[in-house]
Participant: 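Before we start, here is the structure in question, set down as structure tokens.
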Amino acid sequence: MSITNATTIDEALAALAVNPKARVIQGGTDLMVEVNFNRTTIDSVVSLRRVAELRRWHVDDDAHTLRIGAGVPYAEMERPPLCDHAPALAEAARTVGSPQIRAAGSLGGNLGTCSPAGDGLPVLSALDAVVHLRSQSASRDVSVHDFMVGVKRNVRRADELIVAVTVPLVTGFQGYAKVGTRNAMVISAASACLVHDAVAGTVRLALGAVAPTVVRARGAEAWLASQTSLVGTPMVSEALAREFGARAAAECSPIDDHRSTAEYRRHAISVLAQRLLLRAATGSATALRGIRQ
Ligand SMILES: Cc1cc2nc3c(=O)[nH]c(=O)nc-3n(C[C@H](O)[C@H](O)[C@H](O)COP(=O)(O)OP(=O)(O)OC[C@H]3O[C@@H](n4cnc5c(N)ncnc54)[C@H](O)[C@@H]3O)c2cc1C
């Protein structure tokens, strides 16, 4: 097997331009599982581990945005100072695998794999993130909604690298919650991210593991906006939150599989969406409890 240990983005792109069949590896926490279970074979690899540019993040105070390099590990997202700029991303990062997985795994890898259960993806969706892609000859920016096209499928071309994502800095509550078969080291059976922009007066809700890609509950978002002012702290009754959850659940298209049933997934989404909205209204910290049928 040929291995290119790139030290710059340009070096990695040059290697991909010569051999677009080469597989890119960052933390290896998805790719090496595929290899170990004989689900994929690899002839050549472009390793990004030593590319320092991919591990940087940057706040643009003028544009009110946060740009996160594709190789920044979850372990950095979950801690200050990065966690202060994107709290929902930090919350999602804290739920990923184990400390070892979080030390190696990255958003670039989560986007590269593009599983609907990937914990970073509902956050990127709720924040309307932009994915920055680069090849040797061109760069392009793709909305995260257009980037994800199916189960483990995305629009990245073989000669492209995901170099970074940009998300807005939002004033207001943002939170992430997931359910699985246990409390730790678990892939989501259902997940949700809610972002309340208290200045623009919007609530955005993204759902994970309940459709071929992460989806936005745009019907529930619009319904909520028609019911109450979302500028400043929203006034949310239990009944309003329950109806919001029910509408969100109606927008997903879950399946039965080894992790859960479609029915439980739908129920879980209604509860997660309801709780996240109540947290937005009270500004309360994470309170993840079990969800009973
Ligand atoms: C024990 C275990 C527990 C896990 N738990 C969770 C969990 O709770 N939640 C969760 O979401 N995931 C989980 N995962 C999956 C995995 O950790 C994440 O998806 C992680 O984000 C992958 O990042 P990585 O850098 O390791 O990706 P890699 O394995 O290096 O790459 C994954 C894919 O993305 C491509 N890729 C990587 N970087 C780039 C780039 N810059 N440009 C283009 N393509 C790229 C690779 O070619 C490959 O196809 C778990 C994995 C394991 C082994």
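Just so you know, these numbers come straight off a predicted model, no measurement behind them. Atoms within a ligand are numbered from 1 in the order they appear, just like the ligands themselves.
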Participant: Tell me, do V123 and V167 make a side-chain contact under 4.5 Å, heavy atoms counted?
Facilitator: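 No, side chains not in contact.
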
Participant: Provide the full list of salt bridge (Lys or Arg N to Asp or Glu O under 4.0 Å) pairs with a residue in residues 66-88, sequence neighbours left out, each pair given once.
Facilitator: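 Sorted result for residues 66-88: E78-R102.
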
Participant: Is any side-chain heavy atom of Q174 closer than 4.5 Å to a side-chain heavy atom of E91?
Facilitator: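 Counting from C-beta outward, Q174 and E91 never come under 4.5 Å.
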
Participant: Less than 3.5 Å apart, N/O on ligand 1 and N/O on the protein: could you list those pairs with the distances?
Facilitator:
unit_1   : atom_1 : unit_2 : atom_2 : d
ligand 1 : 5 (N)  : G97    : N      : 3.4
ligand 1 : 8 (O)  : G97    : N      : 3.0
ligand 1 : 8 (O)  : D119   : OD2    : 3.3
ligand 1 : 8 (O)  : K178   : NZ     : 3.3
ligand 1 : 8 (O)  : V186   : O      : 3.3
ligand 1 : 9 (N)  : D119   : OD2    : 2.6
ligand 1 : 11 (O) : N110   : ND2    : 3.3
ligand 1 : 11 (O) : D119   : N      : 2.8
ligand 1 : 17 (O) : T29    : OG1    : 2.7
ligand 1 : 19 (O) : D30    : OD2    : 2.5
ligand 1 : 19 (O) : N110   : ND2    : 2.9
ligand 1 : 21 (O) : Y74    : OH     : 2.6
ligand 1 : 21 (O) : S106   : O      : 2.7
ligand 1 : 21 (O) : N110   : N      : 3.3
ligand 1 : 21 (O) : N110   : ND2    : 3.4
ligand 1 : 23 (O) : S106   : N      : 3.1
ligand 1 : 23 (O) : S106   : O      : 3.4
ligand 1 : 25 (O) : G27    : N      : 2.9
ligand 1 : 25 (O) : S106   : N      : 3.3
ligand 1 : 25 (O) : S106   : OG     : 2.7
ligand 1 : 26 (O) : G28    : N      : 3.1
ligand 1 : 26 (O) : T29    : N      : 2.8
ligand 1 : 26 (O) : T29    : OG1    : 2.6
ligand 1 : 29 (O) : G28    : N      : 3.4
ligand 1 : 29 (O) : T29    : N      : 3.2
ligand 1 : 29 (O) : D30    : N      : 2.9
ligand 1 : 29 (O) : L31    : N      : 2.8
ligand 1 : 30 (O) : Q26    : N      : 2.7
ligand 1 : 30 (O) : G27    : N      : 3.2
ligand 1 : 30 (O) : G28    : N      : 2.8
ligand 1 : 41 (N) : I162   : O      : 2.9
ligand 1 : 42 (N) : I162   : N      : 2.9
ligand 1 : 47 (O) : V24    : O      : 2.6
ligand 1 : 49 (O) : R23    : NH2    : 3.1

Participant: I want to check something: taking the side chain as every heavy atom from C-beta on, are R157 and R140 in contact at a cut-off of under 4.5 Å?
Facilitator: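 Yes, at least one pair of side-chain atoms sits under 4.5 Å.
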
Participant: Once ring-ring contact (aromatic ring centres under 6.0 Å, His included) is applied, do any residues pair with H85, and if so which ones, sequence neighbours excluded?
Facilitator: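 ring-ring contact (aromatic ring centres under 6.0 Å, His included) list for H85, sorted by chain: W57.
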
Participant: Could you name each residue pair satisfying salt bridge (Lys or Arg N to Asp or Glu O under 4.0 Å) that touches residues 112-139, not counting sequence neighbours?
Facilitator: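 Output for this query lists D10-R134, D119-K178, D128-R204, D128-R216.
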
